Amino acid sequence: MKAAVIESVGKAVVAEVPDPTPGPRDVVVEVAACGLCGTDLHILQGEFAPKLPIVPGHEFAGEVVGVGSQVTEVSVGDRVAVDPSLYCHECRYCRTGHNNLCERWAAIGVTTAGGAAQYAVAPVANCVKLPEHVRTQDAALIEPLSCAVRGYDVLQSRLGAHVLIYGSGTMGLMMLELAKRTGAASVDMVDVNPTRLETARQLGVSASAATPDELDRPQGWDLVIDATGNAAAIQDGLDRVSKAGTFLQFGVADYATRVHIDPYRIYNQEITITGSMAVLHSYERAAELFAGGVLNPDVFISDRLPLDQYPQALDQFAAGVGRKIVVVP
Ligand SMILES: [Zn+2]
Ligand SMILES: [Zn+2]
């Protein structure tokens, strides 16, 4: 089959690789679409993936074309979206409900072959059947949405919060759509690239600007979400949290990124700084929210490129052009 392969640091190609074979509790999915995200860039840069080469792609959906000998829950012809998480279920973190922090953390498309290919293998336990009205290609959005749902799981969100989101890429926009549903009083968004804020305005953001200085909230925001991973944005965001407010580190920073915190203010103003990592018991709910129309796939997916153009798709994503880019095998 044809697959994208990250061969070595900085080198992505499209190549012919062996077809995947399912274990007894696995299914083979003919991929309809696979999304690209920051994690794929981190893998390209030599982070996250323990070993290269790897077939990337952890955001995908498709049609079941083969099932292992002990699979009865899905059949050939079913359309599924795939939760990429592979937990050990044995370590202390798994046994205390923190599976996403598993000591043997693994994921399809990060530690095992992923969905940027014609076919991918996944445990049947990771597959969620798609309802009739959901287009298979669009369901590649469920995985990033499940990360956004996990982000809200770590927050003690209250009705009437004022929310500020840094970064109007796909993840920032998903946080915006969810914030609207959590009963936020206002959701503001900042992005250093003003053309990207056009979509946020289209989706009904309360206010948007290049910097929070242009937004009239000197008292700060109850909830500040970083969806950039960028040091300058994170540093700025930490200072914008209101008294008793919360900062959520949602964007993925480089390993070497450092910012300053103000311990006196954290104490004196009861500031909470927290983070959320990937997916935890949130995939099923994301699939249900998605089926319920929480977001418009035609707004969120800006580019549908053929799999052959995977390296160019990565370049385009790295350049910050467009929103969610998916490759179509
Ligand atoms: Zn992702
Ligand atoms: Zn574990």
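Every value quoted in this text rests on a predicted model; they were computed, and no experiment measured them. For ligands, and for the atoms within them, numbers begin at 1 and follow the listed sequence.
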*Asks:* Taking only residues at least two apart or on different chains, which pairs with a member in residues 59-78 satisfy side chain to side chain donor-acceptor pair (under 3.5 Å)?
*Replies:* Arg25-Glu73, Glu59-Lys324

*Asks:* With 2.8 Å as the threshold, which protein atoms of type N, O or S lie near the Zn ion (ligand 2)? Leave waters out.
*Replies:* Cys88 SG, Cys91 SG, Cys94 SG, Cys102 SG

*Asks:* I need the minimum non-hydrogen distance between Ala209 and Leu197, along with the two atoms involved.
*Replies:* O-CD1, 3.5 Å

*Asks:* Show the nearest heavy-atom pair for residues Val29 and Val65, with the distance to one decimal.
*Replies:* C-CG2, 4.4 Å

*Asks:* Under 2.8 Å from the Zn ion (ligand 1), protein N/O/S atom count?
*Replies:* 3

*Asks:* Within this structure, what is the CD1-CE distance for the pair Ile225 and Met171, rounded to the nearest 0.5 Å?
*Replies:* 10.5 Å

*Asks:* Closest approach of Ala140 and Ala61, non-hydrogen atoms and distance?
*Replies:* N-CB, 4.1 Å

*Asks:* So, do Asp40 and Leu44 sit near enough that their side-chain heavy atoms are less than 4.5 Å apart?
*Replies:* no

*Asks:* Compile the donor-acceptor pairs under 3.5 Å between side chains in residues 244-257 and protein atoms, sequence neighbours left out, one pair per line.
*Replies:*
residue : atom : partner : partner atom : Å
Gln249  : NE2  : Asp226  : OD2          : 2.8
Gln249  : NE2  : Gly251  : O            : 2.9
Tyr255  : OH   : Phe48   : N            : 3.4
Thr257  : OG1  : Asp254  : O            : 3.3

*Asks:* In a check of side chain to side chain donor-acceptor pair (under 3.5 Å) between Tyr166 and each of Asp236, Thr228, Asp191, Asn230, which one passes?
*Replies:* Asp236

*Asks:* Search all heavy atoms of Pro297 against all heavy atoms of Phe290 and return the closest pair with its distance.
*Replies:* CG-CZ, 3.9 Å

